Amino acid sequence: QAFEGRLSFVSAPKLHEEYGIEAASLFKELVYEKESLVASATSRDKSGAEVLNIGDAQAGIYVNAVLVAAGLAQVEKLNPRRKNPSLLEQLKELESEIKVGHLNMWKHGEPPDSDEEREEKKREA
């Protein structure tokens, strides 16, 4: 059964944003028709969508981290979920390495805020 969800700890660009198509393509490559995927829901976001960690134990991959390592997702800046602080720290370390290499969305330094981050900043102001 399909349901709306998003990845925990990370934010990938939307399709209309720079590197959005590349992020979506890599995500599809990692999850489409994979039988050994496991998704664990950590919470629900404000819209009611499940917040997920997705992995493939047989292939030894954690989808959220692969997107960060490819420079196609960033660790959330605003209110990151803190249910797994060690995992969050691992993702931040990985992101730091990718920033130094200026890979994909880090090509020109810090990527612009996502739509959600801009909306959150407006609400806080």
Side-chain angles (χ1 to χ4, degrees):
Q1 175 177 327
F3 58 90
E4 186 177 346
R6 66 173 204 76
L7 298 175
S8 63
F9 301 114
V10 302
S11 175
K14 305 280 187 261
L15 284 174
H16 68 275
E17 296 174 335
E18 188 173 20
Y19 296 106
I21 292 173
E22 292 87 340
S25 295
L26 178 56
F27 181 80
K28 179 181 176 185
E29 180 182 320
L30 294 168
V31 303
Y32 187 69
E33 293 186 346
K34 303 289 195 251
E35 295 185 19
S36 57
L37 279 181
V38 175
S40 62
T42 60
S43 62
R44 288 189 181 271
D45 68 10
K46 292 175 185 174
S47 72
E50 295 279 354
V51 179
L52 305 166
N53 289 314
I54 301 175
D56 184 337
Q58 285 183 345
I61 63 166
Y62 171 46
V63 172
N64 308 41
V66 172
L67 288 166
V68 171
L72 295 172
Q74 60 184 328
V75 178
E76 291 179 328
K77 294 179 197 172
L78 299 173
N79 305 317
R81 278 77 185 153
R82 302 256 181 214
K83 294 196 183 227
N84 191 337
S86 63
L87 180 56
L88 180 60
E89 282 307 310
Q90 289 174 8
L91 289 170
K92 284 182 177 181
E93 288 175 21
L94 183 57
E95 182 183 64
S96 293
E97 294 171 19
I98 298 308
K99 284 180 181 180
V100 171
H102 298 282
L103 183 62
N104 288 325
M105 63 192 289
W106 303 101
K107 183 177 180 179
H108 302 291
E110 197 76 20
D113 290 340
S114 69
D115 293 341
E116 289 88 8
E117 290 167 337
R118 283 191 292 276
E119 287 301 314
E120 183 74 22
K121 286 179 181 177
K122 285 180 188 176
R123 284 192 292 274
E124 289 176 354

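The structure presented is a predicted model; accordingly, all values stated were derived computationally and were not measured.
- Distance check: Gln74 CD to Lys99 NZ gives 8.0 Å after rounding to the nearest 0.5 Å.
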Donor-acceptor pairs are to be reported for all side-chain atoms of residues 21-31 against protein atoms at under 3.5 Å, with residues two or more places apart or in another chain.
{"residue": "Ser25", "atom": "OG", "partner": "Ile21", "partner atom": "O", "Å": "3.0"}

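- Of all heavy-atom pairs between Phe9 and Leu91, the closest is CB-CD1, 3.5 Å.
- The shortest distance between side-chain heavy atoms of Val51 and Arg6 falls below 4.5 Å.
- By the 4.5 Å heavy-atom criterion applied to side chains, Glu4 and Ser47 are counted as neighbours.
- The side chain to side chain contact (heavy atoms under 4.5 Å, CB included) test with Gln90 singles out one residue from Leu88, Leu87, Leu94, and that residue is Leu87.
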For a quick test of your reading: what N or O donor-acceptor pairs under 3.5 Å do the side chains of residues 53-67 make, sequence neighbours left out?
{"residue": "Asn53", "atom": "OD1", "partner": "Ser8", "partner atom": "OG", "Å": "2.3"}
{"residue": "Asn53", "atom": "OD1", "partner": "Tyr62", "partner atom": "OH", "Å": "2.7"}
{"residue": "Asp56", "atom": "OD1", "partner": "Ser36", "partner atom": "OG", "Å": "2.6"}
{"residue": "Asp56", "atom": "OD1", "partner": "Gln58", "partner atom": "N", "Å": "3.1"}
{"residue": "Asp56", "atom": "OD1", "partner": "Ala59", "partner atom": "N", "Å": "3.1"}
{"residue": "Asp56", "atom": "OD2", "partner": "Ser36", "partner atom": "OG", "Å": "3.2"}
{"residue": "Gln58", "atom": "OE1", "partner": "Ser36", "partner atom": "OG", "Å": "3.3"}
{"residue": "Asn64", "atom": "OD1", "partner": "Ile54", "partner atom": "N", "Å": "3.3"}
{"residue": "Asn64", "atom": "ND2", "partner": "Ser8", "partner atom": "O", "Å": "3.0"}
{"residue": "Asn64", "atom": "ND2", "partner": "Leu52", "partner atom": "O", "Å": "3.2"}

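- Closest of all the heavy-atom pairs between Glu76 and Ser11 is CG-N, 4.4 Å.
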